Amino acid sequence: MMAGSLPAAVGFLAAVRPHGGSLPRPDFASAGRRSELSEETAGHSLRAVLLHPEAPDGAHARDRGTTVILAGELYNRDELAGLLPAGSSPDSDAALVLALFGLYDVHAFRLLNGRFSAFVTAGERVVLATDHAGSVPLYVSAAAGQVLAATEAKALRTAAGGQPLPARPVRRLAGVQQVPAGTVLDVRVSTADCVAHRTWAPPLSRRIVSEHEAVETVRQVLDRAVRVRMGTDTPLVVLSGGIDSSSVAALSARRSAGRIDTVSMGTEEADEFPQARVVATHLRSAHREVTVSTADLLRRMPHTVWAAESLDPDIVEYLLPLTALYLRLEGGGRRILTGYGADIPLGGMHREDRLPHLDTAVCHDMATFDGLNEMTPVLSQISGHWSTHPYWDRDVLDVLVALEAGLKRRYGQDKWVLRAAMGDLLPHEVVIRPKLGVHEGSGTTAAFTRLLVDAGVPHQGVDRAKRMVVHDLFDHVVVAGRHPDEVKTEEVVEQVAERLASGAPAAL
């Protein structure tokens, strides 16, 4: 199903247009080889650029007038293959999706557990699909007679303005919209009329189960999510020494035939090296510590916005240390597993014992994650690596979100059910260690705040200034198409501080 240990394709730009139409310039933050795909039908042309690590053949499939282009990978292949007629043996994820589409049409995407975006052409239709979490972002620009889609918004920045769809408009890219998570858009090419189908939503009900059943279920689904993401080569796990990443590392080590690789990142201001070292020693992993100066960390902020295409300053702070780390990882493309995202379904940053407040936080976070792009693989792909997050496996989310709040906050511990599930695989000091966010453990938040205050932003204006900085960076590297190496964080901060001092309105 995969070439080596990486997906057949990690991104694409695709268009269905009248004959003779050409693609926009394929701007990607993702590194990788590029291959062109071209097909002609009676009514239109399909043109695509596939971004891939090795051979792209497994990223597209065609049969009887239907073509599938897939960026990413599926994690429930065996179950999906069992739905096909006897004798069917798709040789790639794209071919598997094509076969399922032939049976179920758009409802095939309700069956998939994966990390992907898909572009399907079938006669007069273009079908666009994201995975349940929208973890491989997908953007579209559609007008009568043509449909364009890409896994990065910047690839569509020169596309002609499209008409409104049931999707999220992208800042200052007229007609470009982001396909919601867990959604299929079924677009008629001739008119750009569109029907949206929701394929997944976070569970709203809560399960009441015993402690034993909850612990066993969490262990089982997380173990499977790690196993199906490990690939054929030695996995690399980003390790902080907290319960989230340590659990992923422990389950990877348990499944691996040899030593796994682990890596931790810190700055001269803050790190979690001693805590991660405890886990690495316990698991006997091949461990590496990477120190990035806070000055270099802040210089990477344009790269983070360029990769994530996010406008949320909190998300950019969370992702900045990861971006800096990925840019330091040398060598060929690696499959990287992270513990990122566990706090959202488990309410891990919530410190109160009042259960209504905890479930309110979980409901809010699960309702608002869409469009933040914090799970995007482009963060690691700017260095040619493929990252994946077991806590955001569809089956894991279905279990974690649905557990009643008392299993998440219990005996005075946050994320109790996860800690109990991993108690026999990790040192006790790791299991009981309090949560520390990656932006806190690396000093990112403090460094960004200090940069703004040193530029003259008053403390009460820091939050507003951070949002303005991120928006300005987005306008530079996504809307205007500048390479992040050409954009200086310090200069953008100074410009924002001057605007605030002069009373000029913030750009929308």
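In this text, all values refer to a predicted model and were calculated from it rather than measured experimentally.
- The minimum heavy-atom distance linking Asp131 with Gly114 is given by the pair CB-O, 3.3 Å.
- A distance-only check finds a donor-acceptor pair linking the side chain of Asp312 to the backbone of Asp314 [under 3.5 Å].
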Step by step, would you call Lys415 with Asp343 a salt bridge (Lys or Arg N to Asp or Glu O under 4.0 Å)? CA-CA 8 Å; Lys415 293 185 287 192; Asp343 284 316; 2.9 Å; yes
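- Cation-pi geometry between Arg394 and Tyr75 is not satisfied (NZ or CZ under 6.0 Å from the ring centre, within 45° of the ring normal).
- Taken from CZ in Arg229 to OG in Ser5, the straight-line distance is 13.0 Å, to the nearest 0.5 Å.
- Ala405 meets the side chain to side chain contact (heavy atoms under 4.5 Å, CB included) test with Leu355, Leu358, Asp359; sequence neighbours excluded.
- Counting all heavy atoms, side chain and backbone alike, Leu138 lies closest to Ala149 at CD1-CB, 4.3 Å.
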What do the steps show when you test Val120 against Thr67 for side chain to side chain contact (heavy atoms under 4.5 Å, CB included), and what is the final call? CA-CA 6 Å; Val120 182; Thr67 298; over 6 Å; no
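- Using cut-offs of 30° and 60° on the angle between ring planes, the pair Tyr340 and His389 is tilted.
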Taking it one step at a time, do Phe448 and Met301 satisfy side chain to side chain contact (heavy atoms under 4.5 Å, CB included)? CA-CA 10 Å; Phe448 191 11; Met301 195 172 294; 3.8 Å; yes
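- Partner Thr121 forms a side-chain contact (heavy atoms from CB on, under 4.5 Å) with one of Val189, Ile69, Val126 and no other, that one being Val126.
- In this structure, Arg224 and Asn76 have side chains that are in contact, with non-hydrogen atoms separated by less than 4.5 Å.
- Taking CG of Leu98 as the start and CG of Asp93 as the end, the distance is 12.5 Å to the nearest 0.5 Å.
- Atoms CZ and CZ, on Arg499 and Arg464 in that order, are 9.0 Å from each other to the nearest 0.5 Å.
- By the 4.0 Å N-to-carboxylate-O rule, Arg125 lies close enough to Asp105 to be salt-bridged with it.
- Taking 4.5 Å as the limit, every side-chain heavy atom of Leu400 sits out of range of all side-chain heavy atoms of Val221.
- Side-chain contact between Leu74 and Val97 is present, with heavy atoms from C-beta onward closer than 4.5 Å.
- With hydrogens and angles disregarded, a donor-acceptor distance shorter than 3.5 Å links the side chain of Asn373 to the backbone of Ala308.
- Heavy atoms from other residues, nucleotides or ligands lying under 6.0 Å from CZ of Arg25 number 12 at most.
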Using side-chain hydrogen bond (donor to acceptor under 3.5 Å, both in side chains), reason through Ser135 and Arg115 one step at a time and then give a plain yes or no. CA-CA 6 Å; Ser135 71; Arg115 177 162 170 75; 3.2 Å; yes
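- Taking the side chain to side chain contact (heavy atoms under 4.5 Å, CB included) definition, one finds that Ala31 meets it with nothing, sequence neighbours left out.
- Using a distance-only test at 3.5 Å, with no hydrogens or angles considered, no donor-acceptor pair links the side chain of Ser117 to the main chain of Thr151.
- For the pair Gly341 and Pro345, the tightest heavy-atom approach, listed with the atom from each and the gap, is O-CD, 3.1 Å.
- Under the 3.5 Å distance criterion, the side-chain polar atoms of Thr360 are matched with a main-chain donor or acceptor of Pro356.
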Please evaluate residues Leu84 and Leu103 with respect to the criterion side chain to side chain contact (heavy atoms under 4.5 Å, CB included), reporting the C-alpha separation (whole Å), side-chain torsions for both, the decisive distance (0.1 Å), and the verdict. CA-CA 8 Å; Leu84 301 179; Leu103 291 174; 3.8 Å; yes
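- Checked against Val127 for a side-chain contact (heavy atoms from CB on, under 4.5 Å), the options Val195, Val187, Leu185, Val184 give a single hit: Val184.
- Applying the salt bridge (charged side-chain N to carboxylate O under 4.0 Å, His left out) rule to Glu486 yields the partners Arg482; only residues at least two apart in sequence or on another chain are considered.
- Donor-acceptor pairing under 3.5 Å is lacking for the side chains of Glu317 and Thr444.
- The distance from the CZ atom of Phe101 to the CG atom of Leu111 is 12.5 Å, given to the nearest 0.5 Å.
- Although no hydrogens or angles enter the test, the distance criterion places a donor-acceptor pair under 3.5 Å between the side chain of Arg34 and the main chain of Pro26.
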Evaluate Ile344 against Trp392 for side chain to side chain contact (heavy atoms under 4.5 Å, CB included), listing each step before the verdict. CA-CA 10 Å; Ile344 298 175; Trp392 276 70; 3.6 Å; yes
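- Other residues, nucleotides and ligands contribute over 12 non-hydrogen atoms within 6.0 Å of the CD atom of Gln163.
- In this structure, Ala133 and Ala181 approach most closely via the heavy-atom pair C-CB, 3.4 Å.
- Counting only distance, with no hydrogens or angles, the side chain of His52 and the backbone of Glu54 share a donor-acceptor pair below 3.5 Å.
- Ion pairing between a basic and an acidic side chain is recognised when a charged N comes within 4.0 Å of a carboxylate O; Arg299 and Asp296 show such pairing.
- A heavy-atom distance below 4.5 Å is not found between the side chains of Val140 and Val176.
- When all heavy atoms are compared, the tightest approach of Leu418 to Ser247 is CD1-OG, 4.1 Å.
- Distance CG/Leu6 to CZ/Arg334: 10.0 Å, rounded to 0.5 Å.
- Here the straight-line distance linking atom NZ of Lys154 with atom OG1 of Thr158 works out to 13.0 Å at 0.5 Å rounding.
- In this structure, the side chain of Thr304 does not engage the main chain of Thr323 through any donor-acceptor pair within 3.5 Å.
- The side-chain heavy atoms of Leu236 and Val263, taken from C-beta on, include a pair separated by under 4.5 Å.
- Between His303 and Val477 the shortest side-chain heavy-atom distance does not fall below 4.5 Å.
- The shortest heavy-atom contact between Leu298 and Ala447 is CD1-O, 3.7 Å.
- The cationic group of Arg300 does not satisfy the cation-pi geometry with Trp306, failing either the under 6.0 Å distance to the six-membered ring centre or the 45° limit from the ring axis.
- Listed by first and then second residue, the ring-ring contact (aromatic ring centres under 6.0 Å, His included) pairs involving residues 115-153 are His132-Trp200 (not counting sequence neighbours).
- Between the Ser380 side chain and the His385 main chain, a donor and an acceptor come within less than 3.5 Å of each other.
- Distance alone, capped at 3.5 Å, places no donor-acceptor pair between the Glu39 side chain and the Arg47 backbone.
- Side-chain atoms of Ser240 and Ser245 form a donor-acceptor pair, as typed in the model, at a separation below 3.5 Å.
- Thr199 and Arg110 share no side-chain donor-acceptor pair at under 3.5 Å.
- Legend: residues meeting ring pair (Phe, Tyr, Trp, His ring centres under 6.0 Å) with His364, ordered by chain and number and at least two apart, are absent.
- Under the 3.5 Å distance criterion, the side-chain polar atoms of Glu152 are matched with a main-chain donor or acceptor of Ser30.
- Residues that satisfy the side chain to side chain contact (heavy atoms under 4.5 Å, CB included) test with Ala94, not counting sequence neighbours, are Ala61, Val68, Leu70, Ser92.
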